[in-house]
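First up is the structure itself, then whatever we jot down about it.
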Amino acid sequence: IPIKNFDIYYGLVDASYKSVDENEDGQISRDELKNVEGMYFGYAAATNEDMKLLEDATNCKEIDLQYNYIDNLDFIDKMKNLQSINLSENHKIPAFSKLRTIKDQLLYLNLNGCKISDEERLSFLRTQEITVGAGNEITNPLMPEGIINSNDTVTVEDSNIAGIDAWWTDDDEEMFIMIKGKEGQEGKKTNLVITTEDGYVKKIPIKIVEKSIVNPPVVNPSQPTIPEQAKPSESVSETPKLTPALQSQKVEKITITAP
């Protein structure tokens, strides 16, 4: 495969975050391309032509394309196993409809800084209802993660029924959301309210059920692992990090109930 961009070459990794260039010959063969599970191309000046060369990496699960020069998402047509995509700050992409073909499997999707309306961006949320026990807490109930951007505010409509804590990581890359069901509010409902900078509002129902006697599940993004680079023939910049996708599962409704 005629890869000319060294950042592209070093950003192709297998399930262990190691370079797929197994024989370390400085080239990626089509057989080696089949072993790609992650593409870490942040700030790599990747183009449509680069992605066209890699479209046969059909086992790829994660792509970091933040701050690049692509203007289409045609690579999605063949990469049907994708679970995590970072497209932040790609200003030339005119349409995002191809993401809908893999919407139900996405665990992470970052469209921050893209030319997409707030309504369309938040339409990629799969979470239809959040259910939490009275006195219990649940963390990061929204799927896919990454869809909330730094200009959004997230609140609870009725704080007597449920409380909320929301904070960003130090690098402003990830938002953590913790929702707590209030004691004595079993059977009550309220809404999680997402308000964008331009005033678009999306509401997701919150239902309070009986308190669970076990600790509720906590879903946190794990720390990214820096891919191990192949032995370089010449130096290149460090591969940017991408938050790895969480354990593969379809999440549309999160429920915490007593056993």
Side-chain angles (χ1 to χ4, degrees), residues 82-85 96-97 99-112 116-169 174-222 243-259:
L82 287 172
Q83 297 177 352
S84 176
I85 305 178
F96 297 84
S97 57
L99 289 171
R100 300 205 176 278
T101 65
I102 55 172
K103 173 184 175 181
D104 290 343
Q105 68 201 49
L106 288 176
L107 305 177
Y108 181 90
L109 177 61
N110 191 330
L111 300 173
N112 193 25
I116 183 173
S117 71
D118 293 330
E119 181 176 5
E120 183 178 7
R121 170 172 59 89
L122 293 178
S123 73
F124 287 102
L125 274 171
R126 295 202 317 276
T127 306
Q128 301 298 315
E129 181 181 72
I130 300 166
T131 306
V132 60
N136 289 138
E137 297 174 346
I138 187 168
T139 303
N140 289 350
L142 300 180
M143 285 290 163
E145 292 189 34
I147 203 67
I148 305 298
N149 71 32
S150 55
N151 294 320
D152 297 334
T153 58
V154 184
T155 59
V156 167
E157 206 163 53
D158 189 338
S159 59
N160 293 317
I161 295 175
I164 186 171
D165 265 327
W167 67 95
W168 286 88
T169 54
E174 300 292 334
M175 173 180 264
F176 288 81
I177 298 173
M178 179 180 290
I179 297 174
K180 181 175 182 179
K182 295 295 183 72
E183 297 279 2
Q185 298 300 309
E186 294 90 339
K188 300 290 184 65
K189 293 183 178 181
T190 184
N191 290 304
L192 180 73
V193 182
I194 304 167
T195 306
T196 71
E197 185 178 32
D198 292 333
Y200 177 76
V201 175
K202 185 176 182 67
K203 296 184 179 183
I204 298 175
I206 300 174
K207 181 180 180 180
I208 310 300
V209 296
E210 184 180 352
K211 182 176 183 178
S212 173
I213 61 173
V214 297
N215 291 327
V218 176
V219 183
N220 286 322
S222 57
T243 302
L246 305 176
Q247 181 180 357
S248 178
Q249 56 181 335
K250 182 177 179 181
V251 180
E252 294 185 354
K253 181 176 179 180
I254 301 176
T255 304
I256 303 174
T257 58

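Fair warning: this is a prediction, and the values are worked out from it, not measured in the lab. Excluded from the calculations below are hydrogen atoms, water molecules and symmetry mates; all remaining heavy atoms, backbone and side chain alike, are included. The first residue of the sequence shown is numbered 1, and numbering continues consecutively from there.
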Check this for me: K189, atom NZ, are more than 12 non-hydrogen atoms of other residues, nucleotides or ligands nearer than 6.0 Å?
no

Mind jotting down which residue pairs meet the salt bridge (charged side-chain N to carboxylate O under 4.0 Å, His left out) criterion with at least one end in residues 191-201? Sequence neighbours excluded, please.
none

With side chain to side chain contact (heavy atoms under 4.5 Å, CB included) as the test, would you mind laying out the steps for I147 and L142 before giving the verdict?
CA-CA 9 Å; I147 203 67; L142 300 180; 5.6 Å; no

Could you list the residues that satisfy side-chain contact (heavy atoms from CB on, under 4.5 Å) with T153, not counting sequence neighbours?
T195

Which pair of non-hydrogen atoms, one from L106 and one from P144, has the smallest distance, and what is that distance?
O-CB, 3.5 Å

The side-chain hydrogen bond (donor to acceptor under 3.5 Å, both in side chains) partners of K203 (sequence neighbours excluded) come to E157

Could you walk me through whether Y200 and L122 pass side chain to side chain contact (heavy atoms under 4.5 Å, CB included), step by step?
CA-CA 10 Å; Y200 177 76; L122 293 178; 3.9 Å; yes

Taking only residues two or more places apart in sequence, or in another chain, which ones meet N160 in a side-chain contact (heavy atoms from CB on, under 4.5 Å)?
D158

Residues at least two apart in sequence or cross-chain that pass side-chain hydrogen bond (donor to acceptor under 3.5 Å, both in side chains) with N149, listed by chain then number, are none

Is it the case that the side chain of K103 and the backbone of S123 share a donor-acceptor pair, with hydrogens and angles ignored and the cut-off at 3.5 Å?
yes

Residue pair I208 / G181: nearest heavy atoms and the distance that separates them
CD1-CA, 3.8 Å

Kindly indicate, with the supporting measurements, whether the criterion side chain to side chain contact (heavy atoms under 4.5 Å, CB included) is fulfilled by I148 and N112.
CA-CA 8 Å; I148 305 298; N112 193 25; over 6 Å; no

Quick one: list whatever passes side-chain contact (heavy atoms from CB on, under 4.5 Å) with E183, sequence neighbours left out.
K211

Measure across F124 and F96 and return the closest heavy-atom pair with its distance rounded to 0.1 Å.
CZ-O, 3.8 Å

For a 4.5 angstrom cut-off between non-hydrogen side-chain atoms, does L192 reach T127?
no

Closest heavy-atom pair and its distance - I177, P141:
O-CD, 3.9 Å

With a 4.5 Å cut-off on side-chain heavy atoms, are V154 and M175 touching?
yes

List in chain and number order the residues that pass side-chain contact (heavy atoms from CB on, under 4.5 Å) with T155, two or more places apart in sequence or in another chain; answer none if no residue qualifies.
V193

Heavy-atom count around K182 NZ within 6.0 Å, excluding the residue itself: above 12?
yes

Contacts of S159 that satisfy side-chain hydrogen bond (donor to acceptor under 3.5 Å, both in side chains) - sequence neighbours left out
none

Are the side chain of R126 and the backbone of Q105 linked by a donor-acceptor contact shorter than 3.5 Å?
no

Heavy-atom pair with the smallest gap, counting every atom of I194 and L125
CD1-CD1, 3.7 Å

If we only count heavy atoms from C-beta on, is the N136 to S212 side-chain gap below 4.5 Å?
yes

Taking all heavy atoms of G184 and all of A134, pick out the closest pair and write down the distance.
N-CB, 4.2 Å

For the side chain of R121 and the backbone of L111, is there at least one donor-acceptor N/O pair under 3.5 Å apart?
no

Using side-chain hydrogen bond (donor to acceptor under 3.5 Å, both in side chains) as the criterion, list what pairs up with T196, not counting sequence neighbours.
D118

I'd like to know if the side chain of T139 and the backbone of M178 have a donor-acceptor N/O pair within less than 3.5 Å.
no

Heavy atoms, side chains only, cut-off 4.5 Å: are I130 and P205 in contact?
no

With heavy-atom distances below 4.5 Å as the criterion, would you say the side chains of V209 and V132 are in contact?
no

